[in-house]
Structures are given as structure tokens and as C-alpha cells.
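Notes follow the structure.
Convention: sequence-line order gives letters A, B, ...; per-chain numbering from 1.
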Protein chains: 2
Amino acid sequence: MSIRPDSRHLYLQVIDQLKRDMKEGKYKEREKLPSEYELSRMLGVSRATLREALRVLEEENIVFRKHGVGTFVNPKPIFSSGIEQLNSVTAMIEDSGKKAGTQYITSEVTKLSAEDKEQFADDELQSVFKIERVRTADNKPVVFCIDKLPENLLPQNSIKREESLFKALEKYANIHVSYALTRIEPVSYQQRIFNILNCDPSQPLLLLKQLHYTEKDEPVLYSSNYFRSDFFRFEVVRKRM
Amino acid sequence: MSIRPDSRHLYLQVIDQLKRDMKEGKYKEREKLPSEYELSRMLGVSRATLREALRVLEEENIVFRKHGVGTFVNPKPIFSSGIEQLNSVTAMIEDSGKKAGTQYITSEVTKLSAEDKEQFADDELQSVFKIERVRTADNKPVVFCIDKLPENLLPQNSIKREESLFKALEKYANIHVSYALTRIEPVSYQQRIFNILNCDPSQPLLLLKQLHYTEKDEPVLYSSNYFRSDFFRFEVVRKRM
DNA sequence: AATACGTCAGAGGTCAGACCTTTGAATTTA
DNA sequence: TAAATTCAAAGGTCTGACCTCTGACGTATT
């Protein structure tokens, strides 16, 4: 019923397994994967199911297929740092090899602003829990975060026990953030924020306003993150349609 | 109703046909598509092939499938304006209902800068054709573009006959831009650019540095586009992995 | 009546096995 | 030696079957 150990669709499990194998170096960049027939046998699924998985991996630019030749692992120039991949700020910092830290500025319950109301689109919702934090990499401030989530979603103070808000949501509310709708904005000089991040106007900031959703498309977290652009890079592959 | 013969793979043609049908309102938002069996018959392909197409559409967030229920057309909040979709600046302006215009500032042949060399990664390439333009929407300057492409790729002055560089490349060099690797950067105040765009420092700009590629992964165009953020919005769906 | 349960049809998910098309390389031929 | 031919391997497509999930509807229970 509740917990779903491995009742997820087969092709999704195959995707995960293949990604795991690639990460562990079983299949390396530019290398040819075994043929579809072999792979399907190795994984214990039908060729049709394997192909569903490969189709997704190809869409995600992780794999490249050539008719009559084979399936190859793409070199991963962008795929791992692309903006379309959603990570917690904690994960982004740690991925760069730095130590992630957090300084809490304020955390309080407030009424929803007009913008918040528009975002959450929930007439019931009266107030949100608002958290302002500075995230640090090796103790240097690199991101200023304003997070707002429905009141009472998380037990008071549970947040401070976890480095990542994503992890806290999973641990204390059994909520898994699945995706986020993100608006990308440049930031003009705002003294308070630049002071907090200890940078001057010549180091422009990038603002990501993100509304995070669960698997069931319920909005659970609205974040405004101000990134120091000398520390973070955002890239994306844009495809012609 | 069968799909026209075409050299491209069948499932790609199916994708195009379905997108066309959705655009033309044959299948509307939130609406359920015919069942896979029916659809495959309607399109004259096997269910397996249809499923390959649907898998891609699902990956692109255009369609949503639920086991035991059906396949539904996603409402398209982002899919049409998402940053992962590459359009020419001309197309972006026209999509917003404005009239696209161009003011040429300079166009000249220059040696490659260090950055250019790194981007094109072509030892043969000695010099590039550099074009600086201001793009206007209803005669208001909204984007400042610096485009660099290998010398002699286009006939001299052919560019000025086309509004869009993409179109010129197709028309005069039979080159089709397929995708671009894009770096997103905020911009600190630079007097020249702000003067050209006739805006003040409180209207921050967004800079997209884009290396455009052909289908064969050959770099053909390196662009730096400074967008007025009060006119353009960039959004992206970020997915958790 | 209101609720719970059982059944069933329809939809997507998975499977097996066959044949088609493209590629690249080995082989043959001019 | 170089061009043409052949061939095997790999991905692309097809058929048709069965599995599993979901929602609806009818019946039994409370």
C-alpha cells in the first residue's frame, strides 16, 4: 500500500540501473553498450522494455544510438551540470567539492504576499513559514535563500536539524520534491542582499525563483535563491524544434 | 490517415504529427488522447512505434500517461516558453506579438579571441565574421547581439537580407542549427551596452552565451545575447533525478 | 440510505519472436 | 590497388499476446 519498494515500473528501474552502472564506470564515456538483445538478457527484461529505457536515456542526452551500429555512452559535458537538473543547493555546493554550510537569518510565520498567493494558488492557505538563510561553501557565503512553505508542513525547528530543506521534507513530512518551475532573473543591485553575500555590485547575482512540486503536482515550496555568479554556473542545452 | 513517407525514422514522424495535431487543436489541453491501440491504427504504425513516440513526448512534458487510465495532453504553461527550446531572437520577439526589427552596429572580420578559439575548438579557423546588432520589438531595443561565425560561411551581405541569422544560414549555406550549448549569466553594469539598449542599471540584463551546433555537432555560431529582463522571461522545468 | 465490496472493461506496461533497414568491414572482383 | 559485392551485427518496426492498474457500476452489507 503505502511504501512502494520496487513496484515502480520496470523501465524506470532499468533506467536507474543503467545510470548506476555508468556512474560506477561499468560503461564508460564514448564506449559502446552491449547490443539491445544482450543488454535485455543481462538485465532480465524484454528488449521492448529495455528500449523504453534507452529511449529516455537518449532523450536525456545520456546515450547516443546509431542505427546499424550500436548504442554509445555520451561524454557528459553538460548533462551533469545542466540547469534542468534540480538539486538542492546543498547538493550543488557539495558536488563542487566544497563544504556546505548554513547561516540562519530569520525564520518566522508570515502572511502570504500577493506573489505567494499567486504561486501556491491555494485559497485555504493563510500563512507560510518563511526561512531566510545564507548558504556557504567552505564558509564563504555564496547563495542567499528565501524559502516559503505552508505552515505546519514541517515540525518547528525540524529544519535546523537538516542541512537540506529537501531532506527535511522527506524525513519529517514524507514529501518528495519531484520538480520545480523556475524563473531565471538577473538582479540589480540591492544593498541588503549584496551585504549579506559580502560582494560588490561588480559581481552580479542570478536569481532563481522556484516553485517546487511533489510527484502529485502539489506545490510545496517556493524559493528565491540569489546565486553568486562567480561561484555558480548555469548551463542548458537548448534544442531547436 | 497515414503518415507521409519520409526518410526519417518513423517514431520521429509520429512525434511531429502528434505535435501538429495538438497545435492545431485536434487534441486539446488536459484532453485524453485515443488509446494507444486506436492511435497506432489511426497513424498507421504499430503500437510499439507509437509508444516510442509517446515516451519522448512524455519526457518532454508534452504528454502525461497514467497506467490503466490513458494518455493526456499536458497544459502547456512552460513547454512553449521554456529556455530549453531554442529559437532565434526574431522568433522570440514575434512570438510575443511584437514586430521584430534590427539595427546593425558593426559587421567585420576579426581575429579570434582566446574565448572564441576555446569555443570553436578549430585550429584551422583563423578569423571570424563578427556582427553586432540591436534587435527591436515594436522599434524598442530589447536585445543586444554579438554573433560570430566562421569567415566565408555566408556570402558577404547576405545576412542583412534576412531578419534572422538562422534563416540566412539555412538559405545561403544550407546549414541548419540544431541545438546550442548555453551559459546563463547575469550582467553587471556596462555603460556601452546599457546605452545601446537605452536602459538604466535598475533594469538588469541577462546574458546568454550560446554556441550553436549543426545536426552533425559542428559548431557554427557563437552568440552573446544581452536580454532586457523587463521584456524577456526565461523559464525552465527542473527535474529531480 | 449510505457504505463497502466484487466484478469487469479498458488503458497502459511487458513480453516473445519475427522481419526490415542501416552500417561497416571483410571479401571478392576489375 | 581500388572499386564493387557480400555479409553479419545492431538498431528499427511489427504483430499479437498476456499482465497489471484504474475507474465505474452493480450488488450486498450495515
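With sequence neighbours left out, Lys26(A) forms a salt bridge (Lys or Arg N to Asp or Glu O under 4.0 Å) with no residue at all. Residues forming a side chain to side chain contact (heavy atoms under 4.5 Å, CB included) with Leu12(B) (at least two apart in sequence, or on another chain): Arg8(B), His9(B), Ile15(B). With sequence neighbours left out, the side chain to side chain contact (heavy atoms under 4.5 Å, CB included) criterion links Ala100(A) to Thr90(A), Ile93(A), Glu94(A).
Side-chain atoms of Ser164(B) come within 3.5 Å of backbone atoms of Phe166(B) as a donor-acceptor pair (strictly under, hydrogens ignored).
For residues 65-74 of chain B, the salt bridge (Lys or Arg N to Asp or Glu O under 4.0 Å) pairs, not counting sequence neighbours, are Glu36(B)-Arg65(B), Glu58(B)-Arg65(B).
Looking only at side-chain heavy atoms (C-beta outward), Tyr222(B) and Val128(B) stay at 4.5 Å or farther from each other.
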Between protein and nucleotides 10-20 of chain D, map the contacts as a letter string: B base, S sugar-phosphate only, - none, heavy atoms under 4.0 Å, written 5' to 3'. BBBBBB-B--B
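Aromatic ring pairs are classed by plane angle as parallel below 30°, tilted from 30° to 60° and perpendicular above 60°; the pair Tyr179(B) and Tyr213(B) is parallel.
Recorded end-axis angle for the helix from dA1(C)-dT30(D) to dA30(C)-dT1(D) stands at 0°, based on five pairs per end and rounded to 10 degrees.
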